[in-house]
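The block underneath contains the structure these notes are about, expressed in structure tokens.
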Amino acid sequence: MSDFYDRLTPFYHLIHQDWHASVALQGEQLTKLIDAEWPGKRKLLDVSCGIGTQAIGLAQRGFSTTASDLSEKEIERARREADLAGAAVDFSVCDMRRAHEHHGSGFDIVLSCDNSLPHLLSDDDLLTALRQMFACLSPGGGFLMSMRDYEREERGVNLVKPYGARTENGKRYVLFQVWDFSGEHYDLTFYFIEEDLATQAVHTHALRSRYYAISTDKMCALMREAGFAQVRRIDDAFYQPILVGTRPA
Ligand SMILES: C[S@@+](CC[C@H](N)C(=O)[O-])C[C@H]1O[C@@H](n2cnc3c(N)ncnc32)[C@H](O)[C@@H]1O
């Protein structure tokens, strides 16, 4: 799995139409959400930060930000992006299933955005990660995650999910995913077709991973089982549904 993201790292920003604009927008949207749910809380841990899409924007908005991810290459790039943005983030490599062993307690907010948790393929693994995140929080602290709404996704094989085309540095990239379901899981291939616009030479990168198409209802049930209270789904605040839960005081 970390191999998928290690290989994706140089292209990761291309998933977004304008990655820097996404960093700013997501920072603004998540700050609003956190301030509405847990006013004044500022010590934040992102347990699946990737190249820093949420962590950098939130650090720029005054959060004291610690961030980790399973992918070493993404963390290397996240450090570079944070330096370029002038954002202070304490980055490290960590499997979210060991978040508490690695980061310890005392955080006000723990977050995991952009469908990271469904990379864990069983309820047992999800519960382990959720319990670790719960333990990272101080009493009264909040957990926030975003995920795909799998109830709204078609099931089947050869399902094509287009991401569009981008041009940068004399190259055009056409991006799409192909999904193949088997039961509650699906295999995903992320294709990046890279064309050199000067020579028209074409190179295709195909990166493969697997997801658990868990429903938001089931994820909420696992959050409750891990100890979170006031668990609920919030729509229309972010580009994906957000699930929130609070560690009881
Ligand atoms: C779709 S990316 C989202 C990254 C980032 N939050 C963003 O929005 O750009 C999913 C991330 O989950 C991370 N991930 C998957 N399994 C993980 C695990 N067990 N522990 C920590 N990170 C994990 C991947 O390495 C990847 O960076």
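Note: hydrogens, waters and symmetry copies are ignored here, and every other heavy atom, side chains too, is used. Note that ligands are numbered from 1 as they come in the structure, with each ligand's atoms numbered from 1 the same way.
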Does ligand 1 have any atom that is closer than 4.0 Å to a heavy atom of [X]?
X    : answer
I51  : no
Y12  : yes
V47  : yes
A55  : no
N115 : no

*Lys/Arg cation over aromatic Y173: R166, 6.0 Å, 45° cone*: no
Any N or O on [X] sitting closer than 3.5 Å to an N or O of ligand 1?
X   : result
Q26 : no
E74 : yes
S48 : yes

*Is K161 salt-bridged to E153, cutoff N-O under 4.0 Å?*
yes
*asked:* Strictly below 4.0 Å, N to O, side chains only: are E151 and K218 in salt-bridge contact?
replied: no
*Tell me which one of L70, T53, D114 gets a heavy atom nearest to atom 22 (N) of ligand 1.*
L70
*Please lay out, stage by stage, how E168 and L14 fare under the test side chain to side chain contact (heavy atoms under 4.5 Å, CB included).*
CA-CA 9 Å; E168 74 172 24; L14 296 169; 3.9 Å; yes
*List every atom of ligand 1 that sits less than 4.0 Å from any heavy atom of L120, numbering the atoms from 1 in the order shown and giving each element.*
19 (N)
*asked:* As an exercise, identify every atom of ligand 1 less than 4.0 angstrom from a heavy atom of C94.
replied: 20 (N), 21 (C)
*Is it true that F181 and Y150 have ring centroids separated by less than 6.0 Å?*
no
*Taking the six-membered ring for Trp and the single ring otherwise, decide whether the centroids of H102 and H100 are under 6.0 Å apart.*
no
*Report yes or no: do H119 and Y211 form a side-chain donor-acceptor pair below 3.5 Å?*
yes
